[in-house]
Amino acid sequence: MKQLTTAEVRQTFLEFFKQKGHAILPSASLIPENDPTVLFTTAGMHPLVPYFLGERHPMGKRLASVQKCLRTVDIDNVGDNRHGTFFEMLGNWSLGDYFKEETIQWSYELLVGKEWFDIDPERLFVTVFKGDDDAPRDDESINIWQAQFAVHGIAAEVGEANEDEPAITSQGPRIYPYGKDNNWWGPAGQTGPCGPDTEIYYDTRRPHDSKYGPICHPACDCGRFIEIWNNVFMQYNKRDDGKFEPLAQRNVDTGMGLERMAAMLQGVPTIFDTDLNQKLIKVLKDVYNVAYGKDEDQDRSIRIIIDHIRAATFIIGDPRGVTPSNVGQGYIVRRLIRRAVREAKRLGITTLMSPTVAEAVIEEYQKTYPELEKNAEKILGELKKEEEKFAITIEQGLKKIKELVDEKRKHQSAIRLSERGQISGSAVGLNVISGKEAFDLYQTYGLPPEVIDEELAAYGDTFDKDEFEQELKKHQELSRTASAGAFKGGLADHSEETTKLHTATHLLHQALREVLGDHVAQKGSNITAERLRFDFVHPEKMTPEQIQSVEKIVNDVIARDLPVDCQEMTVQEAKADGAIGLFEDKYGAKVKVYTVHDTQSPKGFYSKEICGGPHVTHTGELRSFKIMKEEAVSSGVRRIKAVVAG
Ligand code: SER
């Protein structure tokens, strides 16, 4: 096995797929555009969704990337040694080009090839889809895997974990079939492209932990097996009636967690022990004198700080960056920063912490993600501001505890007086604060339960811990349901309505520039089947006359039924042609440019924008356009919500 640094793992992966004819895409933004189903990019495949559904990708049919991703579903559980919120996903894709044969062969070659990762093939185990009423067992993958392992004289039998086989041995089965819960990828309960997957696991050969069941198998949670790579075969389309039909364009979508792969190749037990993470942890050690590896609770706090400040740094520093607030992505950044600061307090760190850690994050990642250095000032400034704001909130929380204690005391002494001392002394002091009240303090002021407990103990009081736990569970379930909602149908909706709204967004953008001036630049866009939402730079509220003029321009363009088409060109050519759009994030060397042609305009077009699409072919399809709302988002940024009728 090769000892590679995290940076070398990234490079090796991309180099391998370049040699196999793949175009290398830069990481797309962490904040998805035009996809209301997700808050953040959660997998390398997300930015490619339109292309799985048939749009042509300007860089070709074989693509690979390292994508920055963020998963917040289990944000409250981060801190053990396996979970993180921010991670990088290495992936290769075939858009209707190669399929199972090539991708499985390449996975094997990259993992075990002497000049690549050079992993002992005896350590690799794979899982495949076992088949059900919707789709048959993935025998194709099984055969391909067996041919691969045979090169090294490994039999690779198909088998199931069973009671007679108490431990996995190299002589036992190597290919494990599982159901949809483990080996199927696609929008849960939704329609759209989906299919079986095959997952590759590395056997650490650590003893099985029987807490997780009597026998060990690759998908067992005991930690012996680490899932290192997932190959998804999008070969079905789930229809409205719940049936699975073969997909016209068969795609491959693979994902490998960079941090896990680095940990494995470095022979370290957790993702927090890699070269990169150790450098970040060292900053805490050096600046704040906290030790790692001595105390499990302390390690947990350090891991949370590293993970959360890294995530916040990437979100704020993204080309489409978001700052802390109380809604949407902004709320997630706020929670990440506050949770990290809380852990810092627990470690006894009393001075400003988050900008120091962020500086180290920027330093370590800037080569791969130059946007971090470019936005460094903003990142450090926002972190400082949020940490200071949070310190004030905590102060207020502590005051609130005192008020609650005083109030209850008064109430209780009133009861005591009225009952002429019938209540015993011990019942008076304890549990003056209910679990619900403590939970409200936690929610509103961010006070962790231990801090509430310590503070109350100083008054000789405590709170109802069971009730607190119940409230917490209730809340977690709610937020999980909410995130599940946000993740539902990771494949964005490309219905007719959204296509029209995409085009309407371009028409609106151009009309705003004509009415308000060229300073109008897109800050964000979000489209649902019902409406478009467009955020743009403009210093003041639009007047009713300006709104009317914009509507009129767009409706005229619709009435003239101008043709819309798409061309592929380099970013330089697009700029030279007068195209607008975000030039520096998700696009590779070649981009798609959508033009609304207008022979009456001196430029020859009404609008020209870099965009992934899809769009209508004629503006007339939009029928009519109406602005429903114009409001402020933040200082210097306005938001328009608009609809089309047709
Ligand atoms: N989409 C799959 C995953 O997220 C493979 O990239 O695991």
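Both counts, for ligands and for their atoms, begin at 1 and track the order of listing. Keep in mind it's a predicted model, so treat the numbers as computed, not measured.
- Nearest protein neighbour of atom 7 (O) of ligand 1, counting heavy atoms only, is Asn230 ND2, 3.3 Å.
- The two residues Ala340 and Ile309 make their nearest non-hydrogen contact at CB-CD1, 3.7 Å.
- Using a non-hydrogen distance threshold of 4.0 Å, Arg71 registers as a contact of ligand 1.
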Salt bridge (charged side-chain N to carboxylate O under 4.0 Å, His left out) evaluation trace for Arg239 with Glu245: CA-CA 7 Å; Arg239 299 192 316 217; Glu245 63 186 8; 3.2 Å; yes

Worked verdict on Phe149 versus Tyr108 for ring pair (Phe, Tyr, Trp, His ring centres under 6.0 Å): CA-CA 8 Å; Phe149 280 109; Tyr108 191 78; 5.3 Å; yes

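- Here's the thing with Val232: none of its N/O atoms is less than 3.5 angstrom from an N/O atom of ligand 1.
- Residue Met45 has at least one heavy-atom neighbour below 4.0 Å for each of these atoms of ligand 1: 1 (N).
- The neighbour count for Lys180 NZ, taken as heavy atoms of other residues, nucleotides or ligands under 6.0 Å away, is above 12.
- Distance from atom 3 (C) of ligand 1 to its nearest protein heavy atom, with residue and atom name: Trp185 NE1, 3.6 Å.
- Using the six-membered ring where Trp is involved, Phe17 and Trp229 have ring planes that are perpendicular, over 60° apart on the 30 and 60° scheme.
- Annotation: cation-pi geometry not satisfied between Lys2 and Phe117 (NZ/CZ under 6.0 angstrom from ring centroid, within 45° of ring axis).
- For atom 6 (O) of ligand 1, the nearest protein heavy atom (residue, atom name, distance) is Asp253 OD1, 2.8 Å.
- Neither the backbone nor the side chain of Asp197 comes within 4.0 Å of ligand 1, counting heavy atoms alone.
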